[in-house]
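Note sheet for the following structure.
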Amino acid sequence: MTAYLITGAKIVGGDVADLLIENGKIVAVGTNLDAPKDAETIDAQGLIALPGLVDLHTHLREPGREDAETVLTGTRAAALGGFTAVFAMANTDPVADTAGVVEQVWRLGRDAGYADVYPIGAVTVGRKGTQLAELGAMADSAARVRVFSDDGDCVWDAALMRRALEYVKAFDGVIAQHAQEPRLTQGAQMNEGALSGVLGLTGWPSVAEEAIIARDILLNAHVGSKLHICHLSTKGSVEIVRAAKKRGFEVTAEVTPHHLLLTEDLAASYNPVYKVNPPLRTKDDVEAVREGLADGTIDIVATDHAPHPVEDKDCEWSAAAFGMLGLETALSVVQQAMIDTKLMTWADVADRMSYRPAAIGQVGGEHGRPLEAGAPANLVLVDLAAERTVVPGESASLSRNTPFDGMTLPGKVVATFLRGTATVLDGKLAR
Amino acid sequence: MRHLLSAGDLSRDEANLILDTAEEMRSLADRPIKKLPALRGRTVVNLFFEDSTRTRISFEAAAKRLSADVINFSAKGSSVSKGESLKDTALTLQAMGADGVVCRHGSSGAPHLLATSGWMTGSVVNAGDGTHEHPTQALLDAFTMRRHLGSLEGRRITIVGDVLHSRVARSNVLLLSTLGADVTVVAPPTLLPVDMTSWPCATSYDLDGALAKSDAVMMLRVQRERMNDAYFPSAREYTRRYGLDVHRMAQLPDDAIVLHPGPMNRGMEISAEVADSARSVIVEQVTNGVAVRMAVLYLLLSGSNDTTEEQTA
Ligand SMILES: [Zn+2]
């Protein structure tokens, strides 16, 4: 295994220093390090070193939709985006609702080798919202599932949600809720407001998200388990979670990069690349989720990377699939939305995109650790001064549905290391 | 003007040019030979993803009276549940050399997509898209009102019914306000969009309060099935509160007219007596539809777009 001496990197939250990586671990951080003769030196002058990013919400589409993404292509995109771990959502075909499927996904990730893949198990059989899946079997499997979600659909039945929250206490699991009251969002196409009325697109009202979040926070308080809110998107949701945390209720929440940067106005183009669930919201909402992320109300950024083949987006709005690519652009979007606006520091970014998602996903031994001697060598080197224009065709994903097409974004991942192995070098896949 | 996608895209001058041109086209209807050679050699495709025989026939008659070659392409029933076929269809039309595409589609924004996707180069006329817009319907409504009321400047026009799901209402509100009319939409609160702050019109839940000061009242089609989604309790209650019958009609000023874009639910939003009354201009709307669509096709396709630009400059 190649040893690496990374010289002159700005260590996030610390000073400029050298990092020595050997046998999958960071063995030393400092200056004048004693590197082995065959160590490869990487000049990281002007680059920042961050802990490897962790995405709690990725759709890898395998098994079932290998035309949109595979574990291999999705984790390649992850590595290029600076991620060393991704949590794979359960809405595959077949659904990841058994030990067999989650172990398959886990193995595919291990074979690919670009990022650790932690499967998320479905909460209910077939994600149909009627019967609990065998959560314990998934927890006990080789994939060691701790995060459960019916993402794509809401666990809307309050009694079932309560039981799911209670049940996972036995193995310290967490239920990640896609908060969407289904009756309030039938046929919904975009954020409900002045614009949806003008465009004649069925509205997805904020209250449909907020009502579920409020309900689930209260349910969780009643049973004392772990609740995580997926892709929180509205100002009202931020206020509910903020108030709940202030009162000591247990809840964590995520926001996507696209909800940090883009607004509903883009729907006026009727270009389905901007169709996503939950929908892009208003400027007020964007400001609120930024503030929520900055003050810790929202714990993490998660991509909700949702690849779709061209034909599912190259069509009229109502026929198009919901979802956007996110892995390769997430860090740049966060830089633009949170760093360039002075709302957060890079230490905050390490917290929201590495330490905390690893903690919520309970992979904190392997991922989300400060760059210190003894930690697994999961890290990313980023050129903060670089700029790049997003070109869909250059994505490592099999899909092309990036809403950032043509936008110039700050920052560029130069290198990513997964347990000491370079997955990205010089901004390109290393293997 | 390259496409007609939204009534809101029309300036007042452009709208008046269309209406004035339609006036000329309509006079043609009284002549023995009803055809103009204006669009000879041009191909107009009626691309209908939704059934609407009346709208299709109206466009077809309009194009034929301008001597255009007309192709009717009904995609209803073919595999249009997935949108790929919109693109494939557009590519086919492009290959056929369609100069103008009249598009009716169940998905809001589909004509917009045809016009902006780069799939085809012809002019696109929105013949009704989802719950978005139906600009030629608004133009024929305005045309009909203008013939009865003169200039629409300051005229009070009331639009009643399922505004939330109505493309006719959206286009009419935008066009009529451009033409200077005072527009009020009346509906139960459930059938209005939740936020109408950007709409250039007033809103009301009270039909009786609005009628006495209306120069024209337009009744929108309301589907009975909406009551299954709790938009209103029953057809009977809807009719009682928002239907136009002879008693309500009596509140209208003497010269006021009654419009309906059709097809009507007689006995639901409009009583048969009102529909067939002297105030009703519903049949005339159909006649005027052809003239207005001739004007639109003529202005978009005849190469006389320069005139438009001069007028709007
Ligand atoms: Zn989701």
- Message: Surrounding CZ of R215(A) (heavy atoms of other residues, nucleotides or ligands, distance under 6.0 Å), is the total greater than 12?
- Response: yes
- Item | Segment of S269(A) engaging chain B (4.5 angstrom heavy-atom cut-off) | backbone
- Message: Between Y270(A) and L5(B), is there a side-chain heavy-atom distance shorter than 4.5 Å?
- Response: no
- Message: Quick one: does any side-chain atom of S318(A) pair with a main-chain N or O of S107(B) as donor and acceptor, under 3.5 Å?
- Response: no
- Task: Could you check if a side-chain atom of V194(B) sits within less than 4.5 angstrom of a side-chain atom of P205(A), using non-hydrogen atoms only?
- Result: no
- Message: What I'd like to find out is whether the side chain of C315(A) reaches to under 4.5 Å of the side chain of L86(B), using heavy atoms alone.
- Response: no
- Note on the structure: In terms of heavy-atom contacts, A110(B) and E316(A) come closest through CB-CB, 4.2 Å
- Separation between CG of L113(B) and CG of D314(A), rounded to the nearest 0.5 Å: 7.5 Å
- Query: When rounded to the nearest 0.5 angstrom, what distance separates CD in Q189(A) from OG1 in T131(B)?
  - Reply: 9.0 Å
- Note on the structure: Correct closest heavy-atom pair for G193(A) and D195(B) would be C-CB, 3.9 Å
- Query: Near K235(A) NZ, under 6.0 Å, is it more than 12 heavy atoms from other residues, nucleotides or ligands?
  - Reply: no
- Query: Any donor and acceptor pair, going by atom type alone, linking the side chain of R170(B) with main-chain N or O of L199(A) inside 3.5 Å?
  - Reply: no
- How long is the gap from OG on S198(B) to CG on L195(A), to the nearest 0.5 Å? 8.0 Å
